[in-house]
Amino acid sequence: MPIGQFTAFYPSRPFWACSKLDFSSREREGWFHDQMAEEVFSCETDSYTIKICRDGRIMLRIEALEGGQEQDQPGRIEDIVRRWGDYLDFLNAFYLLLDSAMLEVANFAYFDLHEIANRDAFRVRYEDGKSVGENIAMESVASVFQMGRYLSNYSHGVAIEYDSRIMMRHVVSMDVIQHASTVFASVISSPGSEKDLASFAKGLSEYKIGNYETSLILAWFITEGSIAHLWERHLASLNREFENGQKKINRERHDFLVGRDFTISMVSNLLELWDVLPNSLFKDIDTVRGFRNKVVHKLKYSPNATDTQLALKTAQAMIERIWNISFIPSLSYSIRGI
């Protein structure tokens, strides 16, 4: 009997995946739960599987993170923490891409993007291709959506189709979901990209609640890491082997070129001079670096929305340059009235 595990989450804003529930057929027992839990989208490869249910549950299985973990053996705490961290990177990356797909395909900023943390995600157990059990994310709004699959959790004083929790849902089309899935396939084929996308999602979620300083610093980490990546790639392109077998950039020289004598400011300048970085992007990097330095050195500077947007835009451009993964972030706020 094939047994497998998925890691799942719900976006904070509920939605119908592909189409609404059919409220016309209520004779059969379990009609509500079965439609809510119906898998309306699935993408399965040798390395990963995505399943999305009609009620908006998103489930992900990464084969590399499940190896040797199918038995009911908890493993070492360090391994558990690492695997959760890796899964959360992939979940946040997909959530960011789904949010972007709504803008790109539907021209509608629907989701209220937030960071998916450990308390928001839960494990789902499958046997013979069917869901047979799951953890309840008791510390998260996700638990509300988990229990929302059961008709008994709704008021009996009003028809279910008029319940506010049902009426508030928007349909996210198959085209939107397919677009997000297609881009996510590029993430899977580019190991490391999920970490940059997850960091961007975290930075964007901080921006949405007005925490500009944290957002700016997270965006800068992405940019700084991308510059280092471009520098390594450029050094590799310059390296060659002489007739005597020695390399132009040997280990000692390489260590010097990537050492602390070559600051990010210096490296970005060199990359711009070699036309590895466009001048406009270089200027944005230099400006954001100035913002970052003011924050770190406590120079009585508080980032504003415009500064943070530039930091996010620059990080987004660097992700596209490094990983060739494009997305459109929604810069709407998640703050309510007070």
Side-chain angles (χ1 to χ4, degrees), residues 6-20 36-45 47-62 86-117 120-122 124 137 140-142 145-146 148 168-190 193-208 312 315-316 319-320 323-334:
F6 285 77
T7 304
F9 77 99
Y10 284 95
S12 60
R13 183 165 291 174
F15 69 99
W16 298 122
C18 300
S19 63
K20 298 179 181 179
M36 292 287 274
E38 180 185 358
E39 295 171 11
V40 296
F41 176 83
S42 180
C43 176
E44 183 173 357
T45 72
S47 55
Y48 74 101
T49 301
I50 296 176
K51 294 179 182 288
I52 298 180
C53 301
R54 191 179 305 281
D55 69 338
R57 176 180 295 188
I58 298 169
M59 296 181 287
L60 178 63
R61 176 181 172 87
I62 304 293
D86 290 343
Y87 254 120
L88 291 173
D89 285 340
F90 283 110
L91 295 181
N92 279 291
F94 185 82
Y95 192 11
L96 175 66
L97 297 178
L98 183 63
D99 186 46
S100 171
M102 279 297 291
L103 282 170
E104 295 180 73
V105 178
N107 196 29
F108 180 30
Y110 178 73
F111 292 108
D112 193 6
L113 184 81
H114 68 288
E115 179 188 356
I116 304 299
D120 305 306
F122 52 96
V124 181
S140 169
V141 70
F145 301 139
Q146 287 179 273
M168 72 184 295
R169 291 174 177 262
H170 181 87
V171 174
V172 174
S173 70
M174 176 64 81
D175 289 342
V176 169
I177 294 171
Q178 184 62 64
H179 182 78
S181 176
T182 299
V183 180
F184 188 72
S186 299
V187 175
I188 295 294
S189 63
S190 304
S193 62
E194 77 282 356
K195 296 190 177 299
D196 278 351
L197 289 169
S199 292
F200 190 95
K202 294 173 187 177
L204 182 58
S205 66
E206 293 294 333
Y207 165 85
K208 285 174 169 289
L312 289 167
Q316 176 191 358
I319 288 173
E320 183 170 358
W323 303 111
N324 196 30
I325 294 173
S326 300
F327 60 95
I328 300 175
S330 170
L331 296 174
S332 59
Y333 287 102
S334 300

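Atom set for the values below is all heavy atoms of this structure, side chains included, hydrogens, waters and symmetry mates excluded. Numbers for residues simply follow the sequence, beginning at 1.
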Check for a donor-acceptor pair, side chain of Asn92 on one end and backbone N or O of Ile116 on the other, with a separation under 3.5 Å. yes

Nearest atoms (heavy-atom pairs only) where Ala137 meets Ala142: CB-CB, 4.0 Å

Can you name the closest pair of heavy atoms from Val183 and Ser326 and give their distance? CG1-O, 4.2 Å

Any heavy-atom pair between the side chains of Ile188 and Thr45 that's under 4.5 Å? no

Could you check if a side-chain atom of Ile319 sits within less than 4.5 angstrom of a side-chain atom of Phe327, using non-hydrogen atoms only? yes

What's the spacing between Leu103 CG and His179 NE2 if we round to 0.5 Å? 10.0 Å

Mind running side-chain contact (heavy atoms from CB on, under 4.5 Å) on Val176 and Phe15 for me, showing each step along the way? CA-CA 12 Å; Val176 169; Phe15 69 99; over 6 Å; no

Could you give the distance from CG (Leu113) to CZ (Phe200), rounded to the nearest 0.5 Å? 9.5 Å

Quick one: does Asp120's side chain get under 4.5 Å of Leu88's, heavy atoms only? no

Identify, with sequence neighbours excluded, every residue that meets salt bridge (charged side-chain N to carboxylate O under 4.0 Å, His left out) alongside Asp175. none

Under a 4.5 Å cut-off applied to non-hydrogen side-chain atoms, are Tyr48 and Cys43 in contact? yes

Could you tell me the separation between the CE atom of Met102 and the NE2 atom of His170, rounded to the nearest 0.5 Å? 4.5 Å

Would you check if Leu312 and Leu331 make a side-chain contact, meaning some heavy-atom pair closer than 4.5 Å? yes

So Pro11 and Ile58, do their side chains get closer than 4.5 Å, heavy atoms only? yes

Please list, chain by chain and in numerical order, all residues satisfying side chain to side chain contact (heavy atoms under 4.5 Å, CB included) with Ser12, sequence neighbours excluded. Tyr95, Asp112, His114

Just how far is it from atom CG of Leu197 to atom CD of Gln316, taken to the nearest 0.5 Å? 10.0 Å

Do side-chain atoms of Glu115 reach the backbone of Ser205 as a donor and acceptor pair under 3.5 angstrom? no

Does any N or O in the side chain of Arg169 come within less than 3.5 Å of the main-chain N or O of Asp55, such that one atom is a donor and the other an acceptor? yes

Side-chain contact, heavy-atom cut-off 4.5 Å: Phe122 with Tyr10? yes

Any donor-acceptor pair under 3.5 Å from Tyr87 side chain to Ile62 backbone: yes

Say you draw a straight line from SG of Cys18 to CD1 of Ile177; how long is it, rounded to the nearest 0.5 Å? 4.0 Å

Charged tip of Arg57 within 45° of Phe145 ring normal and under 6.0 Å: no

Could I get the full list of salt bridge (charged side-chain N to carboxylate O under 4.0 Å, His left out) partners for Lys195, not counting sequence neighbours? Asp86, Asp89

So how far is it from Glu206 CD to Ser334 OG, rounded to the nearest 0.5 Å? 10.5 Å

Considering only heavy atoms from C-beta outward, does the side chain of Trp16 approach that of Met36 to under 4.5 Å? yes

